[in-house]
Amino acid sequence: MTRFLITSALPYINGVKHLGNLVGSMLPADVYARFHRAKGDDTLFICATDEHGTPAELAALETGQDVATYCREQHLIQADIGARFGLSWDFFGRSSSVQNRELTQHFARALWKRGYLEVRTTKQVYSHAEKRFLPDRYVIGTCPYCGYDRARGDQCENCTRVLDPTDLINPRSAVSGSSEIEIRDSAHLFLKQSEFVEQLRAWIDSHEADWPNLVLSIARKWLDEGLKDRGITRDLEWGVPVPDDIGDGQLKGKVFYVWFDAPIEYIGATKEWSDARGKSDADWQRWWRPASPADVTYFEFMAKDNVPFHTVGFPVTILGSGENWKLVDRVKGFNWLTYYGGKFSTSQKRGVFMDTALELLPADYWRWYLMANAPESADSSFTWEHFASVVNKDLADVLGNFVNRVTKFCAARFDGQVPAEGNYGAEEAALASELDRRIAQYAEHLEQVEFRKALAELRAIWVAGNEYLTRAAPWTAIKTDRAKAAVGVRMGLNLVHLFGHLAWPVIPSAARVIHDAIMEAPDIIPWPTEPMAEFLDQLDAGQAVRVPDVLFAKITDEQVGEWQVRFGGEGVS
RNA sequence: GGCAGCGUAGCUCAGUGGUAGAGCAGGGGAAUCAUAAUCCCUUGGUCGGGGGUUCAAAUCCCUCCGCUGCUACCA
């Protein structure tokens with residue numbers, strides 16, 4: 001049976017991530033990983049912080065810390081928030097780890113030996129004020145086309161023209177504002193991606209059936225436009241150093257480009273995981289260099305801006321190495337989650353970030369809303385009104401109230417114990433067969449990573465519970481026919497138990513509380529594999545049942561209004 | 001400019017050739033176990049505009065409009 005290797009795009013080290021980052025990679029990867037663990041599959045879910053690059057260096061500078069200290073602190077912050085969001089990483093690594101440095105250098109050496117790397121001299125902007133080279137977008141000046149005076153060196157945000165830093169009038173550093181900048185020659189390593197076009201195209205075509213349209217079209221676009229060789233080194237301090245034996249000594253003091261080493265950290269973090277447990281290399285290599293590729297199904301989750309790096313850049317690294325590393329099997333790409341139709345923005349304090357989200361409400365509220373409205377086919381817009389209505393209806397009314405009404409009625413009329421009287425009949429058989437069908441659908445949607453559809457189906461399963469309860473009406477039956485009422489309550493309690501199982505991949509904390517009401521939940525709440533006729537008839541008569549506290553409190557209009565103001569809501573853009 | 005995705009009910013979205021769908025919101029009813037929750041019934045759309053192919057188009061082709069993003073040194 002195949003093992004499931006799951007990676008989420010690496011959150012960049014520069015600050016706490018917002019809900020859009022969460023729903024675009026980490027959260028769906030977590031739901032999928034939990035689903036496979038629940039099914040009993042051998043599953044490994046890997047993530048890490050992406051720590052190299054100019055923004056990290058500048059952010060450290062701003063806080064007055066050295067970059068290594070800054071990254072260490074930020075990594076711990078992100079690890080903590082991820083854990084509190086229920087992100088069940090088997091390991092959350094760091095792209096600045098020793099393991100990743102060694103692996104990155106290993107891949108570079110393999111590519112160099114096979115002739116896929118080449119040294120080329122490029123023109124780079126050097127700023128005297130910062131005593132450092134600046135990426136194009138960190139140079140600003142006046143746009144020669146439209147006159148906008150804060151155009152970036154890579155593109156003018158005003159007229160959207162693509163620019164080169166040398167095009168700018170009055171160029172200056174975006175960091176210090178200093179105009180003491182000059183263009184210097186700098187040698188860099190280029191990865192000959194152009195030699196892999198046919199190989200990549202054949203590989204991408206082979207996934208016609210199992211990659212989403214969004215991913216296929218982005219990947220093909222890059223090939224169709226003519227794949228260029230890509231510079232994979234930078235003039236920075238912080239990063240994986242280029243080893244002396246590569247590049248004939250022309251690259252002393254340079255580091256690899258963050259997009260070269262970041263995907264390799266998927267492997268690096270797996271080695272970090274293995275090393276942390278004191279295991280041998282075979283332990284992590286069984287995931288990345290399996291005896292047969294079919295032994296492992298490798299699944300990547302990411303937002304659409306990351307698709308080219310995962311379907312073109314990283315595969316070239318793997319293929320070019322000539323070694324038997326695992327290539328990705330399935331890719332799930334997401335569009336953007338917007339905030340009232342606009343961008344989430346750290347600098348403008350616009351939108352909701354993971355830390356503040358948890359100050360407002362528990363993780364499951366967010367997990368449910370985000371996955372039920374995941375930006376799968378198009379960008380989707382977060383609004384407080386929509387969030388409140390989804391949470392109130394789905395979680396509080398349909399699910400929470402079901403658990404509450406069943407357990408409370410049981411407590412009031414059956415001493416809080418699973419009643420023994422009566423036998424299941426046609427009504428219960430019909431429900432079991434409906435649920436067999438719906439659960440199979442729910443599982444299929446999860447396997448196909450159609451999260452909106454999956455969660456709609458899960459909600460329909462909860463609704464089926466409410467429908468059954470209305471038909472069984474134990475509150476009426478109890479007046480004349482205690483056995484009939486007992487049947488309804490017993491089925492209701494079995495349904496509560498079932499819901500605890502089915503909800504676990506999506507809302508793990510609430511699922512645990514629900515399960516605990518019936519019996520103590522295991523760490524991994526398993527997927528129900530029995531036919532429902534059997535599963536829904538498993539509670540022992542006489543066993544005690546607890547009434548859990550209110551599972552989901554409703555979000556009030558006052559809260560919606562307050563949060564709109566606090567986070568920049570409607571009309572703000 | 002080029003490219004990609006999207007445009008379907010008031011809102012959020014399914015639906016890729018065969019009589020327009022779901023959830024929410026709105027309207028009516030039932031029930032009273034429950035977080036006033038639930039359940040049943042129901043109103044509502046010339047499928048962005050225009051043209052074409054076809055016995056038949058939301059779906060295929062052309063064109064125009066709008067929104068969002070990408071355009072390779074941000075990550």
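These numbers were taken from a predicted model, which means no experiment stands behind them. Convention: sequence-line order gives letters A, B, ...; per-chain numbering from 1.
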Pick base, sugar-phosphate or nothing for [X], based on heavy-atom distances below 4.0 Å to the nucleic acid.
X: A:Leu10; answer: nothing
X: A:Gly231; answer: nothing
X: A:Gly313; answer: nothing
X: A:Lys393; answer: sugar-phosphate
X: A:Asn306; answer: nothing
X: A:Thr383; answer: nothing
X: A:Tyr257; answer: base
X: A:Lys17; answer: nothing
X: A:Arg471; answer: nothing
X: A:Phe309; answer: base
X: A:Pro55; answer: sugar-phosphate
X: A:Val550; answer: base
X: A:Trp222; answer: base
X: A:Thr407; answer: nothing

Taking the side chain of [X] as its heavy atoms from C-beta onward, which of [options] lies nearest to it?
X: A:Val463; options: B:rC24, B:rC39, B:rA75; answer: B:rC39
X: A:Pro135; options: B:rU38, B:rA72, B:rC74; answer: B:rC74
X: A:His386; options: B:rU12, B:rC74, B:rG5; answer: B:rU12
X: A:Ser389; options: B:rA75, B:rC24, B:rU38; answer: B:rC24
X: A:Ser217; options: B:rC39, B:rA4, B:rA37; answer: B:rA4
X: A:Lys479; options: B:rU32, B:rA72, B:rU68; answer: B:rU32
X: A:Glu467; options: B:rA72, B:rC40, B:rA75; answer: B:rC40
X: A:Gln155; options: B:rU71, B:rC39, B:rA72; answer: B:rU71
X: A:Lys304; options: B:rC74, B:rG69, B:rA37; answer: B:rG69

Roughly how many Å apart are [M] and [N], using the [atom1] atom of each and rounding to a whole number?
N: B:rG48; M: B:rU59; atom1: C1'; answer: 16 Å
N: B:rC3; M: B:rC62; atom1: P; answer: 12 Å
N: B:rA57; M: B:rU32; atom1: C1'; answer: 50 Å
N: B:rA25; M: B:rC61; atom1: C1'; answer: 38 Å
N: B:rA30; M: B:rU19; atom1: P; answer: 37 Å
N: B:rG10; M: B:rG26; atom1: P; answer: 15 Å

Assigned partner base of [N], Watson-Crick or wobble definition, under 3.5 Å:
N: B:rG10; value: B:rC24
N: B:rC3; value: B:rG69
N: B:rU38; value: B:rA30
N: B:rU53; value: none

Salt bridge check: are [X] and [Y] linked by an N-O gap of less than 4.0 Å?
X: A:Arg546; Y: A:Asp516; result: no
X: A:Arg490; Y: A:Glu428; result: no
X: A:Lys192; Y: A:Asp229; result: no
X: A:Arg201; Y: A:Asp224; result: yes
X: A:Glu300; Y: A:Lys332; result: no
X: A:Glu450; Y: A:Arg452; result: no
X: A:Arg220; Y: A:Asp205; result: yes

[N] OP1/OP2 closer than 4.0 Å to side-chain N/O of [X]:
X: A:Ser377; N: B:rA14; answer: yes
X: A:Arg452; N: B:rC13; answer: yes
X: A:Lys554; N: B:rA36; answer: no
X: A:Arg405; N: B:rC33; answer: no
X: A:Tyr145; N: B:rG1; answer: no
X: A:Arg220; N: B:rA4; answer: no

Item to check | Along RNA chain B (nearest heavy atom to each residue), the more 5'-positioned of A:Asn335 and A:His188 | outcome: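 The answer here is A:Asn335.
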
Next on the checklist: Need to verify one output field. Residue with the more 5' nearest nucleotide on RNA chain B, A:Asn373 or A:Lys453?
Outcome noted: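 Closest to the 5' end, via its nearest nucleotide, is A:Asn373.
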
How long is the line joining [atom1] of [X] and [atom2] of [N], in whole Å?
X: A:Asn392; N: B:rA37; atom1: CG; atom2: P; value: 8 Å
X: A:Asp394; N: B:rC24; atom1: CG; atom2: P; value: 8 Å
X: A:Leu455; N: B:rA14; atom1: CG; atom2: P; value: 14 Å
X: A:Arg234; N: B:rA72; atom1: CZ; atom2: P; value: 12 Å
X: A:Leu399; N: B:rA37; atom1: CG; atom2: P; value: 15 Å
X: A:Lys343; N: B:rA75; atom1: NZ; atom2: P; value: 16 Å
X: A:Leu337; N: B:rU12; atom1: CG; atom2: C1'; value: 13 Å
X: A:Asp229; N: B:rA72; atom1: CG; atom2: P; value: 15 Å

Next on the checklist: Tell me whether the ring of A:Trp475 lies stacked over the B:rC33 base, given a 5.5 Å limit on centroids and a 30° limit on the plane angle.
Outcome noted: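 Yes, aromatic ring over the base.
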
Item to check | Nearest-0.5 Å distance that lies between atom CE in A:Met491 and atom CG in A:Leu498 | outcome: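 Spacing of CE (A:Met491) from CG (A:Leu498) equals 9.5 Å.
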
Checklist entry - Are the ring centres of A:Phe387 and A:Tyr365 closer than 6.0 Å? => result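 Aromatic pair excluded; centres sit 6.0 Å or further apart.
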
Checklist entry - Taking the six-membered ring for Trp, are the ring centroids of A:Phe382 and A:Trp384 within less than 6.0 Å of each other? => result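 Ring centroids of A:Phe382 and A:Trp384 are less than 6.0 Å from each other.
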
Next on the checklist: Distance criterion of 3.5 Å, no angle test: do you see the side chain of A:Asn401 paired donor-to-acceptor with the base of B:rA34?
Outcome noted: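 Side chain to base: pair found, below 3.5 Å.
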
